[in-house]
Amino acid sequence: MTTTAATGAADAFRLRAEQWLGRSVPERWKAERGALSEAEIDEIRLEWDRRLFRGGFAGISLPAEYGGQGLGLREEVAFHELAARAHAPEGFGRIGKILVAPALIADGTQAQRARYLPPILRGDHVWCQGFSEPGAGSDLASVSTVARAVPGGYLVRGQKVWTSFADKARKCLLLAKSDPEAPRYRNLTMFLVDMDQPGVTASPIRQISGASHFSEVFFENAFVAEEDRLGPEGEGWRVAMGVLNHERGAVEGVTRYVEMRGDLDRLIACCAGRAGTCSPVADFDTRLELVRWQISKTVAYQEDQARSAAAASVLKVTWSELWQEIAEYGLGAACPDHHAHWRNQYLETRATSIYSGSNEIQRNVIGDRILGLPR
Ligand SMILES: Cc1cc2nc3c(=O)[nH]c(=O)nc-3n(C[C@H](O)[C@H](O)[C@H](O)COP(=O)(O)OP(=O)(O)OC[C@H]3O[C@@H](n4cnc5c(N)ncnc54)[C@H](O)[C@@H]3O)c2cc1C
């Protein structure tokens with residue numbers, strides 16, 4: 001495609017997306033979000049995934065042959081940016097679309113793709129990511145959940161923790177130790193596990209904000225069929241690293257940008273008419289646009305995995321700490337109309353520097369791979 005044709009196509013996509021968002025974002029979400037109950041919020045978020053599919057905006061950057069829209073990462077990012085401006089909700093399909101779908105495309109069999117991709121894109125199946133355990137977070141290779149081979153499949157035994165959406169999930173992308181004798185990094189395998197079976201218990205964890213976004217998950221001889229192993233036995237570490245690259249990448253970053261833009265707009269509203277009291281807001285605004293710039297950089301490096309992973313580490317540290325600052329400032333602004341919102345955001349954003357790989361670990365990556373500092 002020529003540059004002019006590409007620009008024309010990008011403009012047409014943006015226009016279509018903008019018009020669709022204008023008529024599709026639920027009015028209640030825009031007008032009364034702060035007053036909605038957790039159950040109402042969940043319902044709107046579930047329905048949003050289905051609307052995205054009906055509108056032709058699910059799996060924007062996934063290949064058309066797998067049910068996606070066959071466009072690029074640029075369009076995916078552009079859509080999320082427009083969604084930010086339209087104050088759209090975030091669906092529960094995030095793990096399915098951002099993490100599981102690319103892993104299925106990279107390592108899945110044709111049968112796995114045919115079975116799992118359509119319900120992910122339609123918004124019918126929520127997925128969770130069963131990687132972290134009480135003794136294995138930053139040091140993920142230490143997972144001790146075991147998958148023991150039995151006729152026709154495996155029996156899974158162990159515990160996961162901080163598993164987002166586990167109480168709503170139909171399936172879990174699970175990293176488990178399949179060979180206790182094999183050396184570290186070669187003893188793990190990735191599985192696609194049914195959450196709806198007797199050996200699986202998801203126990204939601206109540207957070208300091210009062211919400212429950214994640215669970216402890218217990219597997220007591222849960223069965224996973226041979227055909228639900230993702231990739232060869234012993235290659236779980238490689239598959240997991242691919243998943244984690246997507247987790248910190250541009251699509252995840254822009255999803256966070258969506259929420260932060262909404263918060264910053266709210267902070268600007270809280271500060272309106274209170275001259276002199278909100279001087280950092282302009283600084284936040286500039287830094288938020290730098291987050292967007294870092295997202296573009298991650299997209300620009302998409303063909304170079306090492307550079308895009310390094311850019312993603314910078315992106316993750318940048319957005320997570322800025323969001324914490326915005327929320328803290330919002331709480332301190334003592335706006336009578338939005339105090340409950342800021343209290344909630346202040347508590348919720350404590351987690352941003354921990355999930356998707358803690359910021360200390362990302363700083364190790366930046367020091368090592370970008371700055372080349374000595375160990
Ligand atoms: C809101 C939320 C949602 C999550 N969702 C999921 C999910 O859906 N699925 C999932 O699998 N996991 C999920 N996680 C888990 C997340 O990936 C881990 O919390 C994270 O990787 C850190 O692991 P940990 O909690 O075990 O802390 P630890 O690894 O025990 O680390 C404790 C502290 O020590 C620091 N530290 C550890 N090692 C080093 C080092 N080498 N150098 C410097 N500092 C170090 C860490 O940065 C951290 O500050 C979620 C976490 C949160 C908070």
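Every number for a ligand or one of its atoms is a count from 1 in the order of the listing. No experiment lies behind these values; they were computed from the predicted model shown.
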S.K.: Indicate the ring-plane relationship of W48 and W20, choosing parallel, tilted or perpendicular according to the 30° and 60° boundaries.
M.R.: tilted
S.K.: Check each N or O atom of ligand 1 against all protein N or O atoms and list the pairs under 3.5 Å, with atom names and distances to 0.1 Å, one per line.
M.R.:
unit_1	atom_1	unit_2	atom_2	d
ligand 1	5 (N)	W162	O	2.8
ligand 1	5 (N)	S164	OG	2.8
ligand 1	8 (O)	W162	O	3.4
ligand 1	8 (O)	S164	N	2.9
ligand 1	8 (O)	S164	OG	3.2
ligand 1	9 (N)	Q129	O	2.7
ligand 1	11 (O)	Q129	O	3.2
ligand 1	11 (O)	F131	N	3.0
ligand 1	11 (O)	S132	N	2.7
ligand 1	11 (O)	S132	OG	3.2
ligand 1	12 (N)	S132	OG	2.7
ligand 1	17 (O)	S132	OG	3.4
ligand 1	23 (O)	S138	N	3.3
ligand 1	29 (O)	S138	N	2.9
ligand 1	29 (O)	S138	OG	2.6
ligand 1	42 (N)	N364	ND2	3.0
ligand 1	47 (O)	S358	OG	2.5
ligand 1	47 (O)	E360	OE1	2.8
ligand 1	49 (O)	E360	OE1	3.4

S.K.: Going by side-chain hydrogen bond (donor to acceptor under 3.5 Å, both in side chains), name the pairs with one or both residues in residues 181-194, residues two or more places apart or in two chains.
M.R.: D139-R184, S142-R184, K171-D194, S178-T189
S.K.: Would you list the atom pairs, donor with acceptor, under 3.5 Å between side chains in residues 82-93 and any protein atom, with sequence neighbours excluded?
M.R.:
unit_1	atom_1	unit_2	atom_2	d
R85	NH2	E81	OE2	3.4
E90	OE2	R94	NE	2.7

S.K.: Within the distance-only criterion (no hydrogens, no angle test), does the side chain of Q294 pair as donor or acceptor with the backbone N or O of A311 below 3.5 angstrom?
M.R.: yes
S.K.: Relative to F53, does R51 satisfy both conditions: NZ or CZ under 6.0 angstrom from the six-membered ring centre, and within 45 degrees of the ring's axis?
M.R.: no
S.K.: Is there any ring-ring contact (aromatic ring centres under 6.0 Å, His included) pair reaching into residues 280-326, and which pairs are they, with sequence neighbours excluded?
M.R.: F284-Y329
